[in-house]
Number of protein chains: 2
Amino acid sequence: MASSDTRTQLLDAAERLFAERGYRGTSVRAITELAGANLAAVGYHFGSKAQLLAAVVRRVIEPINAAQCAGLDRLLARTSQPRVAELVEAFAGPLFDVITEGDESSAQTSQLIMTILSDPAEEMRSWNGPVEDLVRDRYLAEFQRALPDLSPPELWFRMRGLLAVTAVDRVEISHRRPVTGPSPAAGEESRRFAITFLAAAMSAPPTRT
Amino acid sequence: MASSDTRTQLLDAAERLFAERGYRGTSVRAITELAGANLAAVGYHFGSKAQLLAAVVRRVIEPINAAQCAGLDRLLARTSQPRVAELVEAFAGPLFDVITEGDESSAQTSQLIMTILSDPAEEMRSWNGPVEDLVRDRYLAEFQRALPDLSPPELWFRMRGLLAVTAVDRVEISHRRPVTGPSPAAGEESRRFAITFLAAAMSAPPTRT
DNA sequence: GTCTATAGAACGATAGAC
DNA sequence: GTCTATCGTTCTATAGAC
């Protein structure tokens, strides 16, 4: 039972550090120190650093995935042809919502997702399972129904754009903000800005060929 | 003169490897091997791995920056109030165009930019100079003029969304494409899809508060 | 389940010969 | 300007005591 506690502490510490510093930028030593555990604990509980990453990602992704799935079910129960904006909200909303509420945690999850999406390390590509693919394919099909004029390659591009924007909290334009600086959006505001931005983007007429 | 040649080979090799594997995932040894140079060459020509990164990024960013600047100048010479779609094209277009044409090179540049934008490593944050800030601030001001109803925080969010989508070629939704798979967009097609996507997104009415 | 201790490999940097 | 050789550090993983 102290076991399960250490396991959770390791997951928490790893989630935070992977988000802040990336996979390669985080050492097992840093994780175990932050978790108040022994260096050997990662090996004992997870087998390796890569398997710890997989466990972290699964823990973050699963509730998001379930929410995306439930959101689509709810939408389809109400109307046979959801609007694009509704699909965007159902898909992207859960990516901004957080299990543990609070702004730092929200930004952390967003950062972790972006880290996963953009990290070229091979270990980062192994989290994706059939469940994630299924949900994505369901949304893909619904977007295609809502946007029948869009070619499959352009729809695919927009799906990726949707994900990229979702992880926008990781993107920093520069380390200096403008002199007459607008303060950045945070938390709930980010979420609503993203829905507006993405609903318009997804609804755009097809690029003429 | 062999010096300048080795220098260039190192820059080429580093650009490719940083894009493919990230900064931390690329060793100096891998760079010098690909460049056909000696391990000590990086130290001699650039001082350190971090300074080599800075040189690589500068070489990639500078022509993009110049093109963004020239594009805005051209636009403002023609009309005092450019349309949002024109601003998007002038800003995002150069990020898709490539110095050395060809599809692999284009994807490589895009990947490198995304790697830079999303890598949490401290070294990745030091490339940004006053020139980049100036260009960004000019576009920010023009977008604000074209979209007077947008609050500064929302405009700032959209600028970051613009950049995030620009680097979409790095984002992979999953390692498996859908069974009825649309082939992904590449090169010039990516560029045009992005302009459509982003012009609509930037032009969206403000999020109601 | 937790710890110490260490193996074994890879890394960035650099001194010094040529 | 290029090379060899190596220093010192840091890393993940694990054997074995408790």
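We name chains A, B, ... by the order of the sequence lines, and we start the count at 1 in each one.
- Nucleotide C:dT14 holds its P atom 15 Å from the CG atom of B:Leu52, rounded to whole Å.
- Side chains of B:Gln51 and B:Ser48: a donor on one and an acceptor on the other come within 3.5 Å.
- Heavy atoms of A:Thr32 sit nowhere under 4.0 angstrom from any nucleic acid atom.
- Between A:Tyr23 and A:Phe18, the ring-plane angle classifies as tilted under the 30° and 60° cut-offs.
- The aromatic rings of A:Tyr139 and A:Phe91 lie perpendicular to each other, with more than 60° between the two planes, well past the 30° mark.
- Residue B:Thr6 places at least one side-chain N or O closer than 4.0 Å to OP1 or OP2 of D:dT2.
- B:Arg29 is linked by a side chain to side chain donor-acceptor pair (under 3.5 Å) to nothing, counting only residues two or more places apart in sequence or in another chain.
- Between B:Ser27 and C:dA10, a side-chain N or O to OP1/OP2 separation shorter than 4.0 Å is absent.
- Remark: P of C:dA10 and CZ of B:Arg21 are 14 Å apart, rounded to the nearest angstrom.
- For the pair A:Asn38 and C:dG1, the criterion of a side-chain N or O lying under 4.0 Å from OP1 or OP2 is not met.
- Test B:Ile64, B:Leu162, B:Val165 against B:Leu95 for side chain to side chain contact (heavy atoms under 4.5 Å, CB included) and you get one pass: B:Ile64.
- Summarising the geometry, the separation between CD on B:Glu33 and C1' on D:dT2 is reported as 16 Å, rounded to the nearest angstrom.
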Look for any protein N or O under 3.5 Å of an N or O in nucleotides 13-18 of chain D and output each such pair with its distance, or none.
from	atom 1	to	atom 2	distance (Å)
D:dA13	OP2	A:Lys49	N	3.0

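- Among residues two or more places apart in sequence or in another chain, the side chain to side chain donor-acceptor pair (under 3.5 Å) test is passed with B:Asp73 by B:Arg138.
- Atom CZ in B:Arg24 sits roughly 19 Å away from atom P in C:dA10 (whole-Å rounding).
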